[in-house]
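Report on one structure; see the data block that follows.
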Amino acid sequence: MKRVERYLGFAFANADLLMEVDGTGVLRFAAGAVQALTGYSDADLVCRPLAELLVPGDAALARRVLGALGDNERSVPRPVRLRRRDGRVIVCALAAYRLQASPLLNVTFCQLAAGLAALPAPQDLDAATGLLTPAAFARAADAALAQEGEGDQRAAGGALTLLEMNNLADIRTRLTAEAEGQLMTEIGAVFRQHGGGVAGRVAEHRFGVMAPAGLAEQITRDIRHIAGELGLDQPLEVDARTLDSDNLGLSRADRSRLLLHALRRFAEAGPAAVDVLSGQSAAAGFVKDAVGCLARLRDDLGGNRLSLVYEPIVDLKTGRMHHLEVLSRFNGDRPGAVITLAEELGVINDVDMLVCSLAMRELERAPADMVLAVNLSAVSVGSDLFMQSLMAQLKAQPGLSGRLMFEVTETGQMGDLDRARNVLGAVRRQGHPICLDDFGVGMASFTYIRALDFDHVKLDGSFIARMCLDKREEAIVAGMLALCRGLGVSAIAEHVENPEQMLRLRGLGCAMGQGWLFSREMERPQRRDVDLRALSRPSAWRPTVVDAGG
């Protein structure tokens with residue numbers, strides 16, 4: 001075999017499409033599965049800009065990756081979306097190499113199988129930048145820490161760079177919609193170039209990226225240069241902090257807590273909020289900050305600053321109230337930030353146990369037909385001590401059988417699903433139904449419904465909100481309801497806000513609904529039915545608040 005043929009064989013063994021690109025991004029050669037992946041012939045591609053074959057966000061990423069290559073350097077493969085001539089999109093891994101003294105770059109594309117397509121789900125992506133949403137970024141950053149000794153991922157593992165662009169809001173207000181879109185695309189491309197798939201938009205003008213600590217200055221410079229590249233009249237002002245937990249001698253679990261704690265503080269209050277966590281004193285700063293937060297949280301728990309409110313879940317056929325969901329409030333506020341903090345500091349079990357205990361106490365003095373549903377975090381379900389304590393309380397109060405339900409939430413991940421199946425099965429055998437909360441928003445919920453037994457499944461409200469506006473959204477809801485019927489579980493639709501949604505859900509066979517539509521109609525939690533014909537009338541009903549110390 002001739003040497004040229006041998007090298008060509010090696011290339012096609014590793015890639016589906018071979019290209020040569022000049023310094024302006026124009027294709028000068030193409031070979032391989034050209035027609036299959038692009039819809040063009042080899043000849044049609046020559047002299048065509050590479051950017052035309054990619055979706056806009058990925059075109060910007062490819063341009064930056066190729067532009068950063070030095071002589072005899074090879075890029076790390078990046079997942080990108082090839083846009084075929086017929087409009088279809090194919091996910092491929094892009095890699096490139098710059099041969100010394102050559103004016104052309106060698107670029108390869110390898111189609112990724114559906115199960116290997118290393119691109120996040122659409123709901124996990126910020127539409128403007130193509131970066132991960134806050135929740136998706138937190139999950140990806142935590143997963144990156146778990147990569148022990150895995151090449152590029154290992155190098156990125158413990159270094160979190162957080163950046164705030166102080167004048168981005170002002171710049172955006174003075175741009176056309178097209179120019180603003182280009183600016184946000186370029187910002188996303190910089191982070192994706194250096195952080196691969198672990199880069200996110202954590203707040204409106206705050207961003208995070210997991211990358212080697214030595215790249216922090218380069219990322220900052222590239223962001224500042226975007227304005228000049230786009231011809232803007234002022235550069236982006238960047239305030240950055242890098243937290244390198246690899247150098248702190250912490251366990252993997254503590255490194256994860258430090259990273260997630262810093263990320264939340266940054267998203268809420270900006271760079272100054274994480275100053276105490278950066279630098280060589282990061283571990284000491286984290287401990288000091290965490291101890292202070294923990295003291296305040298325990299003070300709230302012990303000082304009767306937690307209260308309960310109740311939201312009705314209604315049978316969509318009869319209009320009768322099926323049960324009430326117990327919602328907690330800390331100092332009168334929604335508990336989202338408190339729950340996140342409790343998980344970070346390892347005290348979520350305390351919060352869940354207190355809410356369970358208060359709900360049990362309320363059932364003791366509530367009407368005999370009253371049913372309450374309490375949320376349990378996946379973290380608590382995964383704790384042997386918590387579940388043993390909960391089971392002891394349930395066995396001590398057999399009169400609560402059938403009157404106390406539990407909703408498993410996806411705020412944390414359950415690791416041992418076989419164990420979770422056993423402990424939740426024990427709860428069900430005591431007569432307490434189990435509901436899977438927020439079904440459809442994350443892949444974990446599909447993992448749970450495959451591995452665990454549930455009595456009810458609660459459809460996430462984001463699907464319900466759009467189902468009457470988009471036939472595709474309605475089809476997704478119909479599919480989830482069909483899945484519930486096939487599994488023999490009843491479905492509960494969240495965030496039912498108007499009669500149209502209620503009627504559509506009832507027509508699709510949804511068993512129960514929850515949301516403002518029903519809450520405003522109920523005059524008091526003890527009322528057992530709802531006039532579905534009168535649901536459009538205003539009402540002054542508000543959920544009853546029960547003080548923790550009452």
Self-check item: side-chain contact (heavy atoms from CB on, under 4.5 Å) between Ile219 and Gln193, intermediate numbers included
Solution: CA-CA 9 Å; Ile219 295 170; Gln193 174 191 354; over 6 Å; no
Practice problem: Give the C-alpha distance, both sets of side-chain angles, the deciding distance and a yes or no for salt bridge (charged side-chain N to carboxylate O under 4.0 Å, His left out) between Arg64 and Asp222. | Solution: CA-CA 10 Å; Arg64 290 189 173 277; Asp222 288 353; 5.1 Å; no
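Remark: the Thr409 side chain and the Asn375 side chain contain no N/O donor-acceptor pair separated by less than 3.5 Å. Side-chain atoms of Arg221 and Gln218 form a donor-acceptor pair, as typed in the model, at a separation below 3.5 Å.
Closest approach of Arg192 to Ala199, counting heavy atoms only: N-CB, 4.5 Å. Here the closest heavy-atom approach between residue Ala465 and residue Leu469 is recorded as O-CD1, 4.0 Å.
In this structure the side chain of Leu131 never reaches within 4.5 angstrom of the side chain of Val209, judged on heavy atoms. Leu459 has its side chain within reach of Val457: a pair of non-hydrogen atoms, C-beta onward, lies under 4.5 Å apart. Taking 4.5 Å as the limit, every side-chain heavy atom of Leu94 sits out of range of all side-chain heavy atoms of Asp58. Residues Phe109 and Leu54 meet the side-chain proximity criterion, which asks for heavy atoms closer than 4.5 Å.
For Arg419, the CZ atom sits in a packed shell: over 12 heavy atoms of surrounding residues, nucleotides or ligands are nearer than 6.0 Å.
When each of Leu27, Val26, Asn106, Leu104 is paired with Val21, the side-chain contact (heavy atoms from CB on, under 4.5 Å) condition holds for Leu27 and for no other.
Cation-pi check for Arg241 over Phe266 is not met; the charged atom does not lie both under 6.0 angstrom from the ring centroid and within 45 degrees of its normal.
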